[in-house]
Amino acid sequence: NLAVIPETLTMWDQAWREQRERYAWLVADAAAEGATEPDIIGLAKASPFRLRCAYRWTVETTVYLRSGWQGRGIGRELYDRVLSISRRQGYRKAIGGITLPNPASVSLHERFGVRHVGTMPRVGWKFGKWHDVGCWELEFDGGDLQQPPENTLLVADSLSKWPLPAS
């Protein structure tokens with residue numbers, strides 16, 4: 001019997017500490033949505049697509065919302081900001097993986113012009129069964145094929161140069 005161990009908060013904290021300078025991590029707080037107590041209700045982040053240096057201009061993007069908070073525009077705002085920051089940092093492409101079926105996530109990605117480029121059959125094990133995982137991509141700046149700069153900007157540098165869109 002295959003034991004599936006969920007990622008712990010400690011694991012997420014370690015990843016955030018290792019990635020936060022180069023990759024945007026954003027959270028939505030329930031208090032900002034009118035709740036009386038602060039509580040994380042959503043997360044959107046960018047992370048390395050692959051570890052080899054040839055892929056350093058590509059990010060993998062992720063967005064999660066706590067059950068019951070969908071349909072309020074929170075995921076859309078988080079994802080918009082993560083994509084905006086990544087673009088401003090100089091990344092050339094964003095890749096999103098979606099465990100299928102997930103029509104809400106597909107719709108969210110495609111709202112931003114992220115297009116489906118393939119599906120990997122039965123590569124994800126969740127909820128006691130195998131799932132296909134779709135791959136969606138967004139080329140920033142029209143997929144400019146010029147040689148990229150040596151490095152991308154740090155998150156803080158991208159924020160200080162350009163204000164984020166007003167919500």
Side-chain angles (χ1 to χ4, degrees), residues 7 12-35 38-100 102-118 133-167:
E7 295 172 296
W12 278 81
D13 182 62
Q14 180 180 348
W16 172 73
R17 289 178 189 283
E18 292 171 359
Q19 297 176 6
R20 68 183 177 196
E21 289 184 0
R22 292 234 164 256
Y23 302 95
W25 283 60
L26 305 173
V27 296
D29 190 316
E33 300 300 318
D39 192 16
I40 294 175
I41 56 171
L43 164 77
K45 69 182 185 82
S47 58
F49 170 64
R50 297 218 171 144
L51 296 180
R52 292 189 181 134
C53 66
Y55 304 107
R56 70 179 178 259
W57 297 278
T58 301
V59 295
E60 183 172 353
T61 54
T62 303
V63 61
Y64 295 106
L65 284 179
R66 181 177 282 180
S67 180
W69 288 93
Q70 299 89 347
R72 302 180 193 199
I74 299 165
R76 184 173 58 247
E77 184 173 347
L78 285 169
Y79 205 50
D80 182 38
R81 290 175 184 249
V82 161
L83 291 173
S84 294
I85 292 167
S86 297
R87 175 183 284 118
R88 291 170 182 170
Q89 286 181 265
Y91 289 107
R92 308 307 297 155
K93 189 174 281 203
I95 305 290
I98 302 173
T99 302
L100 301 172
N102 191 337
S105 187
V106 168
S107 177
L108 174 68
H109 283 72
E110 291 180 349
R111 170 176 286 212
F112 289 98
V114 184
R115 65 187 182 95
H116 181 249
V117 293
V133 174
C135 184
W136 272 257
E137 74 170 11
L138 176 64
E139 290 184 313
F140 296 134
D141 302 322
D144 182 3
L145 297 178
Q146 300 298 315
Q147 181 172 335
E150 186 62 30
N151 289 304
T152 55
L153 295 175
L154 298 176
V155 171
D157 293 338
S158 74
L159 294 176
S160 66
K161 291 185 176 216
W162 302 281
L164 285 173
S167 49

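Every heavy atom of this structure was used, including side-chain atoms; hydrogens, water molecules and symmetry mates were not.
Interatomic distance, R66 CZ to D39 CG, rounded to the nearest 0.5 Å: 4.0 Å. Considering CZ of R81 and CG of L159, their distance stands at 10.0 Å, rounded to 0.5 Å.
The environment of OH in Y64 is sparse: at most 12 heavy-atom neighbours from other residues, nucleotides or ligands sit within 6.0 Å. Atom CG of L154 sits in a crowded spot, with more than 12 heavy atoms from other residues, nucleotides or ligands closer than 6.0 Å.
Classification of E139 and R87 as a salt-bridged pair fails, no side-chain N sitting under 4.0 Å from a carboxylate O. Classification of D80 and R76 as a salt-bridged pair fails, no side-chain N sitting under 4.0 Å from a carboxylate O.
For D29 (side chain) and I40 (main-chain N/O), no donor-acceptor pair under 3.5 Å exists by modelled atom type. The main-chain N or O of G96 is never found under 3.5 Å from a side-chain atom of E60 such that the two would form a donor-acceptor pair. Formation of a donor-acceptor pair under 3.5 Å by the W57 side chain with backbone atoms of N151 is not found in this model. Listed for the E18 side chain is no donor-acceptor partner under 3.5 Å among the backbone atoms of W16. Using a distance-only test at 3.5 Å, with no hydrogens or angles considered, no donor-acceptor pair links the side chain of R20 to the main chain of V155. Judged purely by atom type and a 3.5 angstrom limit, S105 has no side-chain atom pairing as donor or acceptor with the backbone of N102.
Below 30°, between 30° and 60°, or above 60°: for Y79 and H109 the angle between ring planes is between 30° and 60°, a tilted geometry. Using cut-offs of 30° and 60° for the angle between ring planes, the Y91 and Y23 rings count as parallel.
Looking at heavy atoms from C-beta onward, L83 lies in side-chain contact with T61 at the 4.5 angstrom threshold. The closest side-chain heavy-atom distance from L65 to I41 is not below 4.5 Å. Annotation: side chain of R56 is in contact with side chain of E150 (closest heavy-atom distance under 4.5 Å). Between L100 and V106, the closest side-chain pair of non-hydrogen atoms falls below 4.5 Å. Between L153 and R22 the shortest side-chain heavy-atom distance does not fall below 4.5 Å. Between I95 and T58, some side-chain heavy-atom pair lies under the 4.5 Å cut-off.
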Check the pair E110, R115 against salt bridge (charged side-chain N to carboxylate O under 4.0 Å, His left out), reporting the backbone distance first and the verdict last. CA-CA 6 Å; E110 291 180 349; R115 65 187 182 95; over 6 Å; no
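Residues W69 and I74 approach most closely at CE3-CD1, 3.8 Å, considering heavy atoms. Counting all heavy atoms, side chain and backbone alike, L78 lies closest to L43 at CD1-N, 3.8 Å. Scanning all heavy atoms of the two residues, the minimum distance from S158 to I85 falls at OG-CG2, 3.7 Å. Counting all heavy atoms, side chain and backbone alike, A46 lies closest to V59 at CB-CB, 4.1 Å.
Stacking of R92 on the aromatic ring of F140 is not recorded, the 6.0 Å distance cut-off and the 45° axial limit not both being met.
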